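Accompanying notes for the structure given below.
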Amino acid sequence: MTKDKKNKPSKELPLGFVDRQEKELLVRDFIISNIKKVMIKYGFQYLETPSFEYTDSIGKFLPDKDRPDEGVFSFQDEKKWLSLRYDLTAPLARYVAKNYLEIPKPFKRYQLGTVWRNEKPGPGRFREFLQFDADFVGTKSLQADAELCVMISEILENCGLNKKEYIIKISSRKITEEIFKKIKLDGIEQKLTALRALDKIDRLGWSEVKKLLGEGRKDKSGDYTKGANLSSKNIDFIEKELKNKSSETEDLKEILKIFSDYNFNNFEIDPSVIRGLEYYTGPIFEVSLNFDVKNNKGQVIQFGSIGGGGRYDNLVNNFGNYDAPATGISIGLDRLVYALLQKKEFKVKQSKPIVICIFDKNLMKEYISLQTVLRSADISAEIYPGEGKLKKQMEYANKIKSPAVILYGENEIKTGKPTLRNLVSGEEKSIAIKELANEIKKII
RNA sequence: GCAGCAGUAGCUCAGCUGGUUAGAGCACUAGUUUGUGGAACUAGGGGUCGGUGGUUCGAAUCCACCCUGCUGUACCA
């Protein structure tokens, strides 16, 4: 060991990247298995696209800088820029444009994949995370939009959430468009600022949002955000419109009708749902949780939504001549995992190995045969994978939360019956080898 | 990016009106028990007190800058 710390590699991780441990991975696997079941039931195709895409495929809008690093991780390869994908929707649009003639129309596909964002991380929010995405491409039918909401709801309930713990919020871009038209708001920058402000109603409340629609707002830390500079008359008008006439647009009316045909009611119309700014063209939805989420210091934090989506009728068209209206939804799996782990009653069963202790290396053949007996019976089992005294072996078994150890030493050899020690109760039993598997199944 | 707060052992933190070899609990290692874990006791390892520079006879402690983290905010195509 060298004492020179300065010349050692760093054991720290890059900002926003994390090691994920078994506890959360098991929850994630559980969610994924539910997703797959539901996707098959709903008739979606499974697709995988690569992590990297050409930068111009994933963003038509990258600022023309030397290096396209606004929000994405990129590098230059033989003069072409490559980027790690930041979502699964843009790659889908690219895939559809590339394979348009072969795929069924409409095309229903789902995808699970890691995405990367070069943004500020937060609790349950990383720069590398797993996303689930399901889309209908090539249909204008709002049946598709409605079914996505029903489907997400089924997935969440299979994951153990009840109707009070989550809600699908829906809205339509058309609501705000109509309002803006009425107050003759047409400056693009001003529109965007106003949309961003409205997006924050559920978090900040109307009084703060009105400041953002007007001159600006100072937040808790004393930081100041410039507003959209609308007149107070227009601000009041927007508030009135959004509060009263929220479900007036035709597309939302139709979706509501379909929801009722499905007997689906765990949704609410919420015009403050804005979601991103560029490509959505119609109905938009957001999945939000109704219980408090805390950070590791126990403070309740602004968790935000765990996913959402909407209709984007022009995205595929960006790649060429094919016109493929589409709608889709995605879920941030790691955020869902983070939230589910906070529910006390939530537990995923995991089986830890029975540890076969080593008394004498010359008996290894016996230990291997015991191990084979258990493994053949589909019981997780291992011979203690190290060296050392029995005490050390017991400590190991305890540490990995093994349900039991098997002791097979001098005393047991004489009778041919191993001792099974239950590590939860501390109870020990002498058991014939052919009974061992059955006996263990009783305690795991 | 902007703002506020914070960085002392693997973890949680004490020490901070500047002053001998920097502490505690938990964790870790070894032993009390060379065939028995989760309890107890004993002993031990582990820190250039986030970094760099400054003030001073003397800095974990005071000052400046930088880095990192947390929270809020912005952005999230």
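This is a predicted model, so every value here is computed, not measured.
Ring orientation note: the planes of A:Tyr280 and A:Tyr312 are nearly perpendicular, at an angle over 60° on the 30°/60° scale. Taking the six-membered ring for Trp and thresholds of 30 and 60 degrees, A:Tyr408 and A:Tyr367 have ring planes more than 60 degrees apart, a perpendicular arrangement.
Closest approach to the A:Leu390 side chain among B:rG37, B:rU73, B:rG35 is made by B:rG35 (side chain taken as heavy atoms from C-beta onward). Among B:rG35, B:rG31, B:rA30, the nucleotide with an atom closest to any side-chain atom of A:Lys389 is B:rG31. Side chain of A:Glu395, nearest nucleotide from B:rG37, B:rA77, B:rU73: B:rG37. The side chain of A:Glu119 lies closest to B:rC76 when the candidates are B:rC76, B:rU36, B:rG37. In the set B:rG38, B:rG35, B:rA30, B:rA30 carries the atom at the smallest distance from any side-chain atom of A:Lys392. With B:rU36, B:rG37, B:rU73 as the choices, the nucleotide that has an atom nearest any side-chain atom of A:Leu204 turns out to be B:rU73. Nearest to the side-chain atoms of A:Glu412 among the listed nucleotides B:rG35, B:rG37, B:rA74 stands B:rG35. You'll find that the side chain of A:Met394 is closest to B:rU36, out of B:rG35, B:rU36, B:rA74.
Within the 4.0 Å cut-off from OP1 or OP2 of B:rA74, not a single side-chain nitrogen or oxygen of A:Arg217 is found. For A:Lys226 and B:rA74, the shortest distance from a side-chain N or O to OP1 or OP2 is not below 4.0 Å. For A:Lys200, a side-chain nitrogen or oxygen approaches OP1 or OP2 of B:rC75 to under 4.0 Å. Between A:Arg196 and B:rC76 there is a side-chain N or O to OP1 or OP2 distance below 4.0 Å.
Summarising the local packing, NZ of A:Lys401 is surrounded by 12 or fewer heavy atoms from other residues, nucleotides or ligands at distances under 6.0 Å. A 6.0 Å sphere centred on CD of A:Glu48 holds no more than 12 heavy atoms belonging to other residues, nucleotides or ligands.
B:rA3 and B:rG45: their C1' atoms are spaced 43 Å apart (whole Å). On the P atoms, B:rU55 is 11 Å away from B:rA59, given to the nearest whole Å. Between the P atoms of B:rU8 and B:rU61, the separation comes to 13 Å (whole Å). The P atoms of B:rC16 and B:rC11 are separated by 23 Å, rounded to the nearest whole Å. Comparing the same atom, P, in B:rU32 and in B:rG15 gives a spacing of 39 Å after rounding to whole Å. If you take atom C1' in B:rG51 and the same atom in B:rC67, they sit 7 Å apart, rounded to whole Å. Comparing B:rG38 with B:rA27, their C1' atoms are spaced 15 Å from each other, to the whole Å. Spacing between B:rC63 and B:rG69 at atom P, rounded to whole Å, works out to 24 Å.
A:Gln131 has its CD atom 16 Å from the P atom of B:rC76, to the nearest Å. What separates CZ of A:Arg421 from P of B:rU36 is a distance of 10 Å, to the nearest Å. Rounded to an integer number of Å, the gap from A:Lys361 NZ to B:rU34 P is 20 Å. If you take CD of A:Glu410 and P of B:rG35, they are 9 Å apart, rounded to a whole angstrom. Look at CD on A:Glu189: it is 11 Å from P on B:rC75, rounded to the nearest Å. Rounding to whole angstrom units, CG of residue A:Leu420 and P of B:rU36 are separated by 18 Å. Between the CZ atom of A:Arg117 and the P atom of B:rC75 there is a distance of 15 Å, given to the nearest Å. The separation between A:Lys211 atom NZ and B:rU73 atom P is 13 Å, rounded to whole Å.
Pairing of B:rC62, defined by two Watson-Crick or G-U wobble distances under 3.5 Å, is identified with B:rG54. The nucleotide B:rG72 finds its pairing partner in B:rC2, both defining distances of the Watson-Crick or G-U wobble pair being shorter than 3.5 Å.
Checking A:Leu148, A:Ile168, A:Asp135, A:Asp145 one by one against A:Ile329, the side chain to side chain contact (heavy atoms under 4.5 Å, CB included) holds for a single residue, A:Leu148. The salt bridge (Lys or Arg N to Asp or Glu O under 4.0 Å) test with A:Glu439 singles out one residue from A:Lys434, A:Lys417, A:Lys429, and that residue is A:Lys429.
A stacked arrangement is not assigned to A:Phe359 and the six-membered base ring of B:rG35, the conditions of a centre distance below 5.5 Å and an interplanar angle below 30° not being jointly met.
Among the protein residues, A:Asn411 comes within range of the nucleic acid bases, having at least one heavy atom under 4.0 Å from a base atom. A:Lys391 comes within 4.0 angstrom of a nucleotide base, judged by non-hydrogen atoms across all strands. No engagement by A:Val115 is indicated, since no non-hydrogen atom pair under 4.0 Å with the nucleic acid exists.
Residue order along RNA chain B, read from the 5' end via each residue's closest nucleotide, puts A:Val405 first among A:Val405 and A:Thr193. Mapped onto RNA chain B by nearest heavy atom, A:Gly426 and A:Lys399 fall at different nucleotides, with A:Lys399 at the one closer to the 5' end.
Within 3.5 Å, no donor on the side chain of A:Asn398 pairs with an acceptor on the base of B:rG38, nor the reverse. You won't find any donor-acceptor pair under 3.5 Å spanning the side chain of A:Gln393 and the base of B:rG35, going by distance alone. At a cut-off of 3.5 angstrom, counting only N and O atoms as typed in the model, there is a donor on one side and an acceptor on the other between the side-chain of A:Lys120 and the base of B:rG72.
Distance check: A:Leu252 CG to A:Ile175 CD1 gives 5.0 Å after rounding to the nearest 0.5 Å.
Ring centers of A:Tyr86 and A:Phe73: at least 6.0 Å apart, outside the cut-off.
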